[in-house]
Amino acid sequence: MQKTKIGNVLLYYQDGVSLEATSADGDDRQLEEIVQLQKDDDYHTQITDRKNWTVMYQLAESRANLIEWLKLKKQAKVLEIGSGCGTITSALLKKGAAVTCQEENLCYCKINAQRHRQAEEGLLTIYALPYAQCEPYLHHEYEVAVVVDVPLEEDAAKQLLASLRRHLKTDGLLIVAAKNKFGLKYWAGNKETYTHTYFAGLENNGVRLYSAEGIKKLLNEAGFPQQQFYYPYPDERFAIDIYSDRYLPKKGDLNYNIANYEDDRIVLFDEQKVFDSIIEEGQFPFFANAFLCLASAAEHGDNGQDAIYVRYASDRGRAYAICTEITGQEVYKRAVYPQGNAHVKHILHAYEQLCRQYAHTELKFNACVCESDEHGNVSAKFELLHAQALQEQISQAISAGQMHKVFEILERMIQIIRSERTDENKKMPFKMTEPFREVFGKIFTGKNSKEEAAIEDVLCHTVCSEVSDIDLILSNILVGDDGVWHVIDYEWTFFFPVPQNFIIYRTLFFLNHENPKREELSMDRLLKLADIPPMEADIYAKMEEAFQQYVTGGLIPYREMVNLLERRFFNVVELKADYDRIAAQNELLKGQGIWKAVRKIKKKLTGN
């Protein structure tokens with residue numbers, strides 16, 4: 001076996017292989033170019049510019065959401081299997097772990113080494129070998145072993161897990177992420193990843209996928225009796241939410257299902273509606289798209305993890321990327337990147353100002369306390385409230401056909417926002433400020449332009465708030481047993497004049513977005529309810545678009561990659577309806593000599 005150093009990374013590879021002669025082409029060449037020439041901060045733009053699925057899968061930092069939240073000991077010895085180009089490796093190194101990687105693809109190993117060439121000396125070792133050849137060189141004192149999205153063929157899986165058991169400490173932690181063979185996405189029409197065919201996992205055709213029970217049995221046989229399951233959503237590749245048996249999704253939560261980045265798909269049914277039915281029946285763990293299992297050989301004890309639910313708002317600019325973690329009693333918000341610490345501190349300031357602003361109303365804001373760790377990382381801590389969201393109340397009312405309850409909630413919401421300032425002398429008119437331009441500036445062409453003047457002319461009659469939580473949407477308000485409305489999320493609070501009607505508009509906009517086919521909840525009707533004129537609403541629509549660009553820092557969100565990659569989805573129900581319509585038309589045309597008449601017309605027009 002040969003070895004070399006790339007920066008501070010030690011790379012081992014097979015005898016007889018020339019490292020210099022191992023040239024990359026196609027996708028691998030693009031990966032090498034990005035890692036060699038770009039900083040981590042620029043990977044996102046490279047991915048969306050190049051519109052390449054392999055580049056996205058190997059370099060998108062949001063792939064590490066799966067394990068980024070896990071607590072590990074400082075300089076924990078970690079063995080990572082199937083490390084690819086090192087996205088999971090990055091998250092482990094940021095935790096201060098000493099990582100040993102195994103990956104068969106030598107080109108990927110070189111990219112991983114190049115990507116982390118500035119890692120602390122001795123913290124990263126990479127074996128560019130099949131696991132069977134690599135295994136004799138591994139020591140037996142690893143504290144953590146990570147197996148993420150590695151195809152687990154039945155016999156090979158048993159051998160791999162049994163081997164990892166031997167290389168882990170007695171109380172070592174095994175982290176396994178895998179696709180669920182019964183994941184709803186596969187019933188709904190996504191292709192199975194390893195075979196690129198429909199229903200392969202469901203039919204046991206090709207690479208073996210496991211159910212939750214299958215993985216539990218596999219782990220037990222390999223000597224890992226202690227197991228804790230989590231459920232990454234939409235799946236294990238780019239997790240946004242990570243649920244657990246102690247914190248399962250609620251109806252309406254699972255609304256991001258068109259994520260077929262790697263291939264086209266068919267659509268057999270509305271996944272959100274089916275997920276809602278599954279949740280209602282208490283069957284979500286069986287139909288979750290993927291599993292994250294933390295397992296140990298120890299009979300007793302815990303895995304050291306406090307979080308029962310994790311949510312990532314990572315499809316943003318780095319200054320605003322946030323991770324929300326829920327433990328048994330508390331909620332924590334922290335920055336995903338160091339640039340976001342200021343935004344987390346801003347949340348505490350927002351809490352203090354909003355409490356004053358809405359003191360005379362029935363709206364209460366969940367108390368916030370800021371904490372810092374020894375590295376200067378800031379977290380905002382909140383009490384975990386066990387109450388029902390207004391969004392859920394409205395969803396239940398819609399399902400029950402009780403639309404009067406929906407409008408009662410909306411009217412109360414509008415009244416609270418507009419009663420924030422009741423003294424006519426204290427009403428704040430709209431004024432174009434520099435902070436407003438910074439956040440919503442995309443709605444006009446330039447400072448002092450005619451368009452800006454026109455916007456000021458429309459908004460000058462609106463009433464503004466001195467402190468504006470523009471995210472007073474229904475999912476952010478919980479109703480306690482005492483009927484009090486508690487605001488649980490107010491990170492998007494601004495301290496410059498913003499029309500109160502814009503806050504109301506956003507509430508109505510997202511309600512309409514969740515119920516696009518409900519005529520009673522059309523935007524026209526909702527805007528009439530709120531007495532917001534169409535011209536004013538048009539400005540708010542542009543403000544919302546500008547705000548989303550502000551949040552993303554000008555980056556194209558990864559959710560747009562389905563379109564950038566030109567992935568198609570075919571709705572089977574709509575295709576069947578089109579087929580029936582065409583068939584019916586053909587029946588009507590039979591015997592009418594229509595085609596003969598068409599040919600005569602064509603001859604007159606073209607002379608042919």
- prompt: Which pairs, with at least one residue in residues 7-18 and sequence neighbours excluded, count as a salt bridge (Lys or Arg N to Asp or Glu O under 4.0 Å)?
  reply: none
query: For the residue pair Phe182 and Phe286, does the interplanar ring angle fall in the parallel (under 30°), tilted (30 to 60°) or perpendicular (over 60°) class?
result: parallel
query: Do Arg63 and Tyr57 meet the cation-pi criteria used here (NZ or CZ under 6.0 Å from the six-membered ring centre, within 45° of the axis)?
result: yes
query: Would you say Trp53 has more than 12 foreign heavy atoms packed within less than 6.0 Å of its CH2?
result: yes
message: In the structure I gave you, are the side-chain heavy atoms of Val9 and Asn112 within less than 4.5 Å of one another anywhere?
response: no
message: Just checking Lys71: does its NZ atom have more than 12 heavy atoms from other residues, nucleotides or ligands closer to it than 6.0 angstrom?
response: no
query: Is Glu32 salt-bridged to Arg29, cutoff N-O under 4.0 Å?
result: yes
Phe291 six-ring face occupied by Lys216 cation (under 6.0 Å, within 45°): no
task: Run the numbers on Tyr320 and Trp492 for ring-ring contact (aromatic ring centres under 6.0 Å, His included), then give the verdict.
output: CA-CA 10 Å; Tyr320 303 113; Trp492 296 114; 5.3 Å; yes
Would you be so kind as to tabulate the donor-acceptor pairs closer than 3.5 Å made by side chains of residues 555-564, with sequence neighbours excluded?
{"residue": "Glu560", "atom": "OE1", "partner": "Asn563", "partner atom": "ND2", "Å": "3.3"}

message: Just to verify, what does Asp49 make a salt bridge (charged side-chain N to carboxylate O under 4.0 Å, His left out) with, not counting sequence neighbours?
response: none
- prompt: Counting heavy atoms not belonging to Tyr256, are there more than 12 under 6.0 Å from its OH?
  reply: yes
- prompt: With sequence neighbours left out, what residues match Asp42 under salt bridge (charged side-chain N to carboxylate O under 4.0 Å, His left out)?
  reply: none
- request: Name all pairs fulfilling the salt bridge (Lys or Arg N to Asp or Glu O under 4.0 Å) condition that reach into residues 234-244, sequence neighbours left out, sorted by first residue then second.
  value: Lys179-Glu236, Lys185-Asp235, Asp235-Arg237, Arg237-Glu262, Asp241-Arg311
Spacing of Ile111 atom CD1 and Asp28 atom CG [to the nearest 0.5 Å]: 5.5 Å
message: Under the rule for salt bridge (charged side-chain N to carboxylate O under 4.0 Å, His left out), what residues qualify as partners of Glu514, not counting sequence neighbours?
response: none
